[in-house]
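As structure tokens, the structure follows; a few thoughts come after it.
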Amino acid sequence: MAKDRQEESGTAEETEQKAFSSSAAIIFSCLGTVVGTGNIWRFPRIAAQNSATQGTLIFLATWIIFLFLWSSPMLLIEYAVGRYFKKSPIQSFRIAMGDKFLWCGSWVTMVTFMISCYYSVVLGWCLYYVFKSVQLSVTTGLPSSEPESLAVFQEFAENSSWPILTHFLSILFAGACVIGGITWIEKANMVLVPTLLLIIVFTYCWSLLRDYSDYGIRFLFTPDIDALKDTRLWVDSASQNAFDTGAAMGLIVPYATYMTRKNGVVRFSMFIPTMNNFVSLLCALTIFSTVFSTLIQTQSTLSRTGIVEIIKQSGPASTGLTFIWIPVLFGQFDVFGSILCVLFFLCLSFAGVSSLIANIELTSLTLQDFGIPRKFGTPIVIGVTFLIGLPSAISVTILRNQDFVWGFALMISGIMFQLLVIKYGVRAFQNEVVNNYGTNDWPLTIVTMIIIVVVAPIEAIGLLVWWGYEIISSTSDAPSGERWFDYGVETFMTVITEWLTLLILLLFVNVLVYYMRPAFMQADNKVQQIDESENDGAFEMKHPGLYTREGANGQDNVAYANDK
């Protein structure tokens with residue numbers, strides 16, 4: 001009989017696979033994966049930077065389009081792959097596509113890992129602001145204006161060593177939860193996520209009660225058709241939606257390994273990202289209404305264009321929008337506002353931790369699938385994440401570069417998942433991996449499959465080509481350091497160089513391990529059919545070494561036991 005998952009990854013004690021305890025645990029854990037600083041810190045910033053003269057609605061519209069034509073389909077693949085193969089993205093790609101395509105899963109994992117390295121820096125900012133909110137509340141009070149709040153942010157992010165310490169603490173805390181396994185992850189998210197959502201809703205409602213807040217809301221929902229010609233808007237709306245929802249990051253794959261056949265992957269792939277984007281929209285409404293309300297009351301001579309420019313340039317490298325304006329909002333309400341400010345950044349920290357947990361879990365599971373037990377693999381991940389993220393902690397400019405390079409690289413990660421479906425077989429994926437394998441779920445329709453294998457690849461390739469053409473043509477006469485062939489913060493040459501460096505490295509490693517044939521590649525990759533009995537609930541599709549009725553030690557295989 002084929003060996004079960006425990007024997008492949010280590011001892012049964014070290015890698016015991018468990019299921020989520022309930023549907024609520026799945027929802028909150030998956031929401032914890034995708035709801036984080038990307039919603040509260042990054043989305044309002046990207047929306048502001050893509051605001052046209054008349055308003056932001058065109059950006060919001062394209063962002064919503066990409067939810068249904070990109071993010072939701074990509075997450076569907078992740079849920080299905082994780083639930084079916086019970087492996088990390090790298091091993092799942094190898095099993096589904098063959099040993100020569102190990103580099104595809106490696107690209108997905110490495111891009112997400114690179115994102116986690118600077119994401120932990122932003123999480124560190126959140127942790128610092130919990131402390132700073134308390135300190136200011138008991139001393140001078142929260143800042144009452146944008147310049148005053150900007151000075152606080154710059155003193156921390158640019159002129160101190162605090163970001164290095166908070167970067168390390170954020171990784172350490174998330175890593176501790178990962179070492180505890182799915183039980184700790186589930187318990188943490190069951191507390192963190194509901195608390196965060198309550199604070200976000202309360203903050204949103206409070207911001208709407210401010211004088212002139214409706215000016216910000218009207219601007220957010222006013223269209224400017226000329227914005228459709230802006231390539232950067234399309235690129236940012238697609239990459240932000242992917243960043244928002246975690247689409248093509250591979251983060252859902254590890255969590256989906258804890259799902260059973262009864263957990264509907266089609267339903268979850270629609271519900272979770274929709275909820276996530278709703279949270280992002282609330283955050284944007286909160287920030288925009290706060291900024292317009294505050295500036296109209298404090299600088300009445302400012303035009304709407306002037307207010308928009310202030311939003312776009314808030315903080316060094318435009319990274320401080322939320323950190324600058326939330327203290328200003330709560331600073332209007334004395335003691336009660338101080339309490340709310342502390343709670344807001346505490347919950348923002350919770351959101352960041354829950355998302356970083358998923359990032360570290362992805363890399364830890366990858367090492368586990370290659371034979372490194374979780375108790376050793378997770379400390380390795382913590383150390384390497386800290387070292388690679390250190391430059392972003394030291395320099396906000398480097399963080400801005402990493403955010404642009406790897407956030408947009410999610411388009412390529414999406415192509416990798418689309419290739420997996422095509423290589424595995426479109427009909428086979430639709431029927432074997434999703435429809436016939438799962439129970440109590442919505443059917444995966446041919447329309448969705450067309451989006452996955454036709455529409456989504458056209459989107460990704462079209463955006464990549466359009467972005468490349470526009471950035472080359474528009475920056476040829478730019479100042480030195482900003483031309484497309486210069487190595488600048490957000491130049492074409494910088495992005496391509498970082499992408500190609502990673503790709504060449506992964507291809508080299510793939511060729512190396514293909515000819516060396518290490519132990520993890522020795523197993524037969526063929527998927528074998530096992531008849532399904534109506535009474536015993538056997539799995540329809542089995543992969544040797546992944547799913548068996550009985551493990552070698554005589555105990556029920558966990559994947560089967562989860563369905564009892």
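This chain uses plain numbering: 1 for the first residue, then up along the sequence. These numbers come from a predicted model, not from an experiment.
In this structure, Arg45 pairs ionically with Asp403, as a charged nitrogen and a carboxylate oxygen lie closer than 4.0 Å. With salt bridges taken as basic N to acidic carboxylate O contacts below 4.0 Å, none links Lys229 and Glu470.
Using a 4.5 Å heavy-atom cutoff, the side chains of Ile307 and Val291 are in contact. Under the 4.5 Å side-chain criterion, counting only non-hydrogen atoms from C-beta, Leu251 is not in contact with Glu361. Ile388 has its side chain within reach of Phe113: a pair of non-hydrogen atoms, C-beta onward, lies under 4.5 Å apart. Considering only heavy atoms from C-beta on, Ile372 stays 4.5 Å or farther from Gln368 through its side chain. Within the 4.5 Å cutoff, side-chain heavy atoms of Glu498 are placed close to those of Gln402. In this structure, the side chains of Val253 and Ser88 stay at 4.5 Å or more apart for every pair of heavy atoms. A heavy-atom distance below 4.5 Å is found between the side chains of Ile200 and Val279. A 4.5 Å side-chain heavy-atom check between Pro89 and Leu362 finds at least one atom pair inside the cut-off.
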>> For a ring-ring contact (aromatic ring centres under 6.0 Å, His included) check, start with the C-alpha distance between Phe292 and Phe219, then their side-chain angles and the critical distance, and finish with the verdict.
In response: CA-CA 9 Å; Phe292 271 79; Phe219 180 81; 5.5 Å; yes

> Please walk me through it: do Arg210 and Thr294 pass side-chain contact (heavy atoms from CB on, under 4.5 Å)?
Replying inline: CA-CA 9 Å; Arg210 292 172 53 82; Thr294 302; 2.9 Å; yes

> Does the side-chain contact (heavy atoms from CB on, under 4.5 Å) test come out yes or no for Thr166 and Leu123, once each step is laid out?
Replying inline: CA-CA 8 Å; Thr166 55; Leu123 173 56; over 6 Å; no

> Which is it for Phe288 and Ser51 under the side-chain contact (heavy atoms from CB on, under 4.5 Å) test, yes or no, and what are the steps along the way?
Replying inline: CA-CA 11 Å; Phe288 273 68; Ser51 295; 4.0 Å; yes

>> As a quick check of understanding, evaluate ring-ring contact (aromatic ring centres under 6.0 Å, His included) for Phe417 and Phe93, giving each step before the final call.
In response: CA-CA 8 Å; Phe417 277 104; Phe93 272 84; 5.3 Å; yes

> Taking it one step at a time, do Thr385 and Leu356 satisfy side-chain contact (heavy atoms from CB on, under 4.5 Å)?
Replying inline: CA-CA 11 Å; Thr385 303; Leu356 188 59; 5.5 Å; no

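The aromatic rings of Phe43 and Trp63 lie tilted to each other, with the angle between the two planes from 30° to 60°. Ring pair Trp234/Phe66 is perpendicular by interplanar angle, where above 60° counts as perpendicular and below 30° as parallel.
Ser207 and Ser289 share a side-chain donor-acceptor pair at under 3.5 Å. Side-chain atoms of Arg400 and Ser392 form no donor-acceptor pair, as typed in the model, at a separation below 3.5 Å. Side-chain polar atoms of Ser237 and Thr62 form a donor-acceptor pair below 3.5 angstrom. Thr491 and Asp486 share no side-chain donor-acceptor pair at under 3.5 Å. Using a 3.5 Å distance cut-off with no hydrogens or angles, the side chains of Thr231 and Trp467 do not pair a donor with an acceptor. Neither side chain, Ser170 nor Ser120, offers a donor N or O lying under 3.5 Å from an acceptor on the other. A donor-acceptor contact closer than 3.5 angstrom links the side chains of Ser293 and Gln297. Side-chain atoms of Thr245 and Asn276 form no donor-acceptor pair, as typed in the model, at a separation below 3.5 Å. Remark: the Gln240 side chain and the Asp244 side chain contain an N/O donor-acceptor pair separated by less than 3.5 Å.
Heavy-atom neighbours of Phe168 CZ from other residues, nucleotides or ligands within 6.0 Å: at or below the threshold of 12. Enclosure of atom CZ in Phe485 by more than 12 non-hydrogen atoms of other residues, nucleotides or ligands within 6.0 angstrom is indicated. The environment of CZ in Phe202 is crowded: more than 12 heavy-atom neighbours from other residues, nucleotides or ligands sit within 6.0 Å. Atom CG of Asp477 is surrounded by 12 or fewer heavy atoms from other residues, nucleotides or ligands within 6.0 Å.
Heavy atoms only, all atoms of each residue included: Cys341 and Ser133 are closest at SG-OG, 3.5 Å. A pairwise comparison of heavy atoms in Ala409 and Trp499 identifies CB-NE1, 3.4 Å as the closest pair. The heavy-atom pair separating Thr378 from Gly175 by the smallest distance is CG2-O, 3.6 Å. In terms of heavy atoms, Leu57 sits closest to Phe221 at CD2-O, 3.5 Å. Shortest non-hydrogen contact noted between Leu282 and Val201 is CD1-CG2, 4.2 Å. When all heavy atoms of Asp224 and Gln54 are compared, the closest pair comes out as OD2-N, 3.1 Å.
For the pair Arg218 and Tyr215, the cation sits on the ring face: its NZ or CZ lies under 6.0 Å from the ring centre, inside 45° of the axis.
Atoms NE2 and CZ, on His167 and Phe386 in that order, are 5.5 Å from each other to the nearest 0.5 Å. In this structure, CD1 in Ile217 is found 6.0 Å from CG in Leu285, a value given to the nearest 0.5 Å. Here the OG atom belonging to Ser338 is positioned 4.0 Å from the CG atom belonging to Leu142, to the nearest 0.5 angstrom. To the nearest 0.5 Å, atoms CD (Glu78) and OG (Ser413) are separated by 9.0 Å. The distance from the CG atom of Leu390 to the SG atom of Cys117 is 10.5 Å, given to the nearest 0.5 Å. Atom CG of Leu367 sits about 10.0 Å away from atom OG1 of Thr109, to the nearest 0.5 Å.
The ring pair (Phe, Tyr, Trp, His ring centres under 6.0 Å) test with Trp162 singles out one residue from Trp125, Phe131, Tyr129, Phe153, and that residue is Phe131.
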